[in-house]
Amino acid sequence: MKHLSIDQFRDALICAADDIIASEPKLTEIDTIIGDGDHGTTMKSGFTALKAMLKSSGYESMFDLLRSTGVQLLRVMGGASGVIFGTLFIGGHEAVRNKTEMDADCFIDFFDMSCEAIMKRGKARPGDKTMLDALYPAIEAMKERRKASGDMRDIMDAAAEGAKAGAQSSADMLPKVGRSKNFRERGIGYPDPGAVSVSIIFSSMAEYLHSI
């Protein structure tokens, strides 16, 4: 599978939305321990609205699809989570402008640019115990896998594996930014809920690609 079409990416996002919605209890439990407890419900609200939008709309370009995705999350979720997860799907827009499909290089470039935009906007870096601790390893894993394969299933598998490992490693990190930094040492032993959410998104998209 060398390319991902608009409809395939839309359907992959719908699968991700389903899994985020189903994961609300887990995300809420984690965030109740090391945050303000609303990450799960915020993600559920945002991705429920996103799923409804994606199922009822058509898109002529990847840019339209991903911009609409990011704007919807920003609009519904609000707050820091809305900004960050909205930027996840808006920040790399120049990589997909005028494109009706994505190959491995375009997919990697898109998320690489989004990661940079998130770091700039959120004033955070990998290692600060944020969603970047899943996103950055996902991108690095994709880049490494790309050396051997341009197959989109392989690239998505690498993203899922990298994000999962990154989310797990965030449990050992001391929170340095956001509200969780107030918990300091009490945050050690629990993964960052935003990183877990990123891991769910990539794992869901990888699972979808293997189903088609």
inquiry  = Rounded at 0.5 Å granularity, tell me how far OG in S5 sits from NZ in K99.
reply    = 14.5 Å
inquiry  = Test of understanding: clusters of I, L, V, M, F, W, Y form through side-chain heavy atoms closer than 4.5 Å, transitively. Do I201 and V83 belong to the same one?
reply    = no
key: Main-chain N/O of P25 paired to T28 side chain as donor or acceptor, under 3.5 Å   = no
inquiry  = For the residue pair S61 / D64, report whether a side-chain donor-acceptor contact shorter than 3.5 Å exists.
reply    = yes
message = Does E94, at its CD atom, have more than 12 non-hydrogen atoms belonging to other residues, nucleotides or ligands within less than 6.0 Å?
response = yes
message = Contact between R146 and I155 at the side-chain level, heavy atoms closer than 4.5 Å - yes or no?
response = yes
Aromatic contact, F111 with F202 (centres under 6.0 Å) = yes
ask   = Would M53 and F89 show up in the same hydrophobic cluster when neighbours are defined by side-chain heavy atoms closer than 4.5 Å?
value = yes
task = Check the surroundings of atom CZ in R153: do more than 12 heavy atoms from other residues, nucleotides or ligands lie under 6.0 Å from it?
result = yes
ask   = Should M43 and E24 count as side-chain neighbours, where that means a heavy-atom distance under 4.5 Å?
value = no
task = Please step through salt bridge (charged side-chain N to carboxylate O under 4.0 Å, His left out) for the pair K2 and D103, ending with a clear verdict.
result = CA-CA 6 Å; K2 297 298 183 182; D103 60 11; over 6 Å; no
task = Could you walk me through whether D133 and S170 pass side-chain hydrogen bond (donor to acceptor under 3.5 Å, both in side chains), step by step?
result = CA-CA 6 Å; D133 293 304; S170 72; 5.9 Å; no
message = Is any side-chain heavy atom of T130 closer than 4.5 Å to one of I84?
response = no
ask   = Side chains of D11 and I14: does their closest heavy-atom pair fall under 4.5 Å?
value = yes
remark   = Output for pair (I34 CD1, E29 CD), nearest 0.5 Å, gives 11.5 Å
key: Spacing of CE belonging to M152 relative to CG belonging to L4, to within rounding of 0.5 Å   = 5.0 Å
query = Is L73 reachable from V76 through a run of I, L, V, M, F, W or Y residues, each pair having side-chain heavy atoms under 4.5 Å apart?
reply = no
key: Sub-4.5 Å side-chain heavy-atom contact between M131 and V196   = no
message = For a quick check under 3.5 Å, do S204 and D19 share a side-chain donor-acceptor pair by atom type?
response = yes
inquiry  = Is the ring pair F85/H39 parallel, tilted or perpendicular, if the boundaries are 30 and 60 degrees?
reply    = tilted
ask   = Would Y136 end up clustered with I200 when hydrophobic side chains under 4.5 Å apart are linked, directly or stepwise?
value = no
request  = Before giving the answer on side chain to side chain contact (heavy atoms under 4.5 Å, CB included), spell out for E60 and T100 the whole-Å C-alpha distance, their side-chain angles and the decisive distance to 0.1 Å.
outcome  = CA-CA 7 Å; E60 295 183 356; T100 56; over 6 Å; no
message = As a quick check of understanding, evaluate side chain to side chain contact (heavy atoms under 4.5 Å, CB included) for L132 and C115, giving each step before the final call.
response = CA-CA 7 Å; L132 289 168; C115 184; 3.8 Å; yes
query = Under a single-linkage definition using a 4.5 Å side-chain heavy-atom cutoff for Ile, Leu, Val, Met, Phe, Trp and Tyr, are Y208 and M62 assigned to the same hydrophobic cluster?
reply = yes
task = Kindly check if the number of other-residue, nucleotide or ligand heavy atoms within 6.0 Å of NZ (K143) is above 12?
result = yes
request  = Take R125 and D128 through the test side chain to side chain contact (heavy atoms under 4.5 Å, CB included) and record every step on the way to the result.
outcome  = CA-CA 6 Å; R125 306 290 298 180; D128 287 346; 4.0 Å; yes
message = What's the separation between atom OG in S68 and atom CZ in R10, rounded to the nearest 0.5 Å?
response = 12.0 Å
query = CD of E207: more than 12 outside heavy atoms within 6.0 angstrom?
reply = no
query = To the nearest 0.5 Å, how far apart are CG in L209 and CE in M156?
reply = 4.5 Å
task = Evaluate side chain to side chain contact (heavy atoms under 4.5 Å, CB included) for M173 paired with I188, printing each intermediate quantity in order.
result = CA-CA 6 Å; M173 298 175 184; I188 297 177; over 6 Å; no
request  = Answer yes or no: does atom CZ of R67 have more than 12 heavy-atom neighbours from other residues, nucleotides or ligands under 6.0 Å?
outcome  = no
request  = Check for a donor-acceptor pair, side chain of E140 on one end and backbone N or O of P137 on the other, with a separation under 3.5 Å.
outcome  = no
task = Quick one: pull up CD in E144 and CD1 in I139 and give me the separation to the nearest 0.5 Å.
result = 14.5 Å
ask   = Is M119 close to P126 at the side-chain level, that is, under 4.5 Å between some pair of heavy atoms?
value = yes
key: Parallel, tilted or perpendicular: ring planes of F63 versus H93, cut at 30 and 60 degrees   = perpendicular
